[in-house]
Amino acid sequence: MKKVFLILFSILLIVSMAPITSQAEKNTHDVDLWNVVKPLETTVTFLNSGAHPDDERSDFLAYLSRGLGVKTSSLIANRGEGGQNEIGDELNDALGIIRTREMIEAAKITGVKAYHLSETTSDPIFDFGFSKTPEETLANWGEELTYERLIAFIRTYQPDIVMPSFRNDDTQHGHHRTMAILTERAYKDAADPSVFPEQLKKGLSVWQIKKLYLPAENAANATTSIEIGMFDPIYNMTYPQLGEQSRYMHKSQGMGSDIPAAPKQTHLDLIHSIVKAKNNNDLFAGVPYNLTEWAQTLPYSEYSVRAKLKSLQKELDGIVAAYPNPNSVYTKSQKALKNLSQLTKLTDKSKLSKSVKADLLHKLSTKEEQLQQVSFVSSGLEVSAKAAANVWTKGESTTVTVSLKNTGKQTLKKAQAALKIPSGWKATTKTKPANLKPGKSLVYTYTLQIPAKAKDYHAYDAPAVTASISYESDSTKTVHIEELAGTTAVLPDVSLTLSPEDITVNTADVQKEIPVTLKVKNYKQGKTNTAVSLKVPAGWSVTPHQANVAFTKHAEEKSVNFKLVPPSDIKEGSTKISAEATVNGKAFSSTIQEIHYDHIGTFYYQYPAQVNTVAFELLKPDKLKIGYISSGFDKVDEYLTNTGFDITNLTESDLATGDLNQYDTIVTGIRAYLSRQDLKANNNRLMKYVEDGGHLVVQYHKPSDGWNTLTTAPYELKLGDVSIKWRVTDEKAKVTVLKPDSPLFNYPNKITDKDWDNWIQERGLYYPMKWDERFETFVSMADPNEAPFDGGILMAKHGKGTYLYTNLVFYRQIQGQVPGGYRIFTNLLSYGVNK
């Protein structure tokens, strides 16, 4: 009988995944309406925790949220600042802003709400790079701070079921393991009033998670296995496919893939549970799934609350059944909102236990939010909210226009668009609330005054100004918050961007003059005059001392050229050179980095307008000519050029037909075989360049970057996979030079142990795991308690020339102004003239 059932189930599953053939039927689906009515079927809340943007279990979350209507959220620890960028050259905090927005956009597709423990740029809960242990992770993040924020979130969000994305397994990233450990610990502690009691004094209440699951590898190791591969005609795809659509939003990480419609199961391991159920293998067993099941958990003495809970759930189910008729959905939602209000008051006055009452009131509050969304979407009210200018400066005024158009069939009484603004701001309009009949429009034009003490924009803050849309119907009031079109931001009057960002002063050959360009951008509306200058350390000089810049319009940009003269006897060390602008007596000293990508929009990152200056000895061969194959993922060529290297960026035509033999050394940027298809196409020309006597330096790649183990390098070279096993994350790891007499460590710079000090983030990643015996090895290093890697620098003779591959993260050291990184990398480049 079981076999027959499985066969029948398989047939039904295949049929369920068959795409709908009727185009007319496809067009009947109102996805926006369905997205808001479906959650009315259940009261369950689900939380998925992870460490980085993209850690969310997208396919499973899509099934829960879009397939079942479960209120689903993803809590991510950091912003992904320490990762790599596959769409641009932003790193660190700027990359964190990109990945945060990608996470938010991805979550919109699956109907999941995205949250972060990290609160600001350079937050202690920071992606400091790959970590192999939870101990290292918590030492960097701060265990008390991280755990306090996690407990506060759980007590606020009140999830019924929680699942970390990863297990505490030594094959996992230390950040992943940390979130698994802390989430499991929070299962008990969030309900303990003695844990962070100050949170309770601030209005939070303890919360007991009902079930905690961990991912299981397969059905054999799982408590629960759930089929999630069903085809959903509303979205015209399966839930795993919908999950992949969301993963495509993580473009800076190269996520997302096209997958076929196919059966797929999610396997879960139940670790903790406070509920008792006959079939605890079911994900929701013992957890009230809707208001009807909630009624069944209450004592018979509360018969009135029980009856009204059942009645309201029938109304909610009726709203779902009314889809796709928006008029019917709207009418039913107004009645449900009225009855929900009465039920909430009745529950609040009941004699239920304090914990049960708080839980139930929270569920009813969620239903209130959901019904408000249903009311708005089904009403047919179209809203357009936009400001005359999206960038504001302090003390200015602008206009905000909010247009309302009733495309539905109901009259919306007392329709209004109010601006929600911070304390101290002013917004005025002459338009009054009005009854908005079908087909009619109402336009609110606000004069918005930004105060002189307005808070500066921050990419992680909620928008400063939103539109609160409201209307009444059948004694109910609906309120909808609409964000203004685009990103609105309060920015400094002017932005100051220095180029270069970093200066290296070579104590072996101190520059007589160092040119610096200051790019000044006007954010004020209309004409602006500003005086700009550079503040230099003692012993330095700068010309001009000050320059005046006049702007005629907003967003205008002008450049001022300065010349710096360092002291001829400058000592080794680091210092900063800062820029300052004065506008109407006020001083400004910030750089505003504008971040724009089509999939996330425009955002801004504000940081001090400074040049980081490092002085150290760097010896270079005379007349060393370098060709650089830029990947777009690093700025090594720019930084080396600024230290006096003769570097030419090689174009597609250079690689295809140019004279490569004119270069002493050719260098590939990090992961260039991924971003430069012309490099892959002309790889044989590079090998011929080496054969003819050239020196090729290839910086690190991932195995998935189009790297061919047998043909990319002149001899077999296999890159390490899985990455956690093939990297040295301890930036202080002891380095043993295996061939100290090699020119790589003696020319033109004498490399000592000091050159391996103060490295940033890590030593190396994706260490080669196998290579041809013709490659020589030069350095050995290891993370604590691990076997050392010898493949950090590999070099082989090929014809008359040499091929060098290094997976050490020189790009981070060079862009981070680490003297040793410059000196060692210079030696690697110089081998071509001293071999």
Using a distance-only test with no angle check, is there a side-chain donor-acceptor pair under 3.5 angstrom linking His599 and Glu102?
yes
Taking atom types as modelled and ignoring hydrogens, do the side chains of Asp232 and Tyr63 form a donor-acceptor contact shorter than 3.5 angstrom?
no
Just checking, any donor-acceptor pair under 3.5 angstrom between side chains of Ser73 and Tyr157?
yes
Check the orientation of Trp141 and His175. Use parallel for under 30°, tilted for 30 to 60°, and perpendicular for over 60°.
tilted
Stacked cation flag Arg57 on Phe166, 6.0 angstrom / 45 deg:
yes
Is it true that the side chains of Glu56 and His250 contain a donor and an acceptor less than 3.5 Å apart?
yes
With the threshold set at 4.0 Å, does a side-chain nitrogen-carboxylate oxygen contact exist between Asp359 and Lys210?
yes
Say whether Gln334 and Thr476, considering side chains only, have a donor N or O and an acceptor N or O under 3.5 Å apart.
yes
Can you find a side-chain donor-acceptor pair between Ser375 and Tyr471 that sits under 3.5 Å?
yes
Once the angle between the rings of His272 and Tyr187 is folded into 0 to 90°, is it parallel (under 30°), tilted (30 to 60°) or perpendicular (over 60°)?
parallel
With a 3.5 Å cut-off and no angle check, do the side chains of Thr110 and Ser246 form a donor-acceptor pair?
no
Please confirm whether the ring centroid of Phe603 lies under 6.0 Å from the ring centroid of Tyr460.
no
When you check the side-chain N and O atoms of Asn290 and Glu41, is any donor under 3.5 Å from an acceptor?
no
On the six-membered ring of Tyr147, is Arg185 placed so that its NZ or CZ lies under 6.0 angstrom from the centre and within 45° of the ring axis?
yes
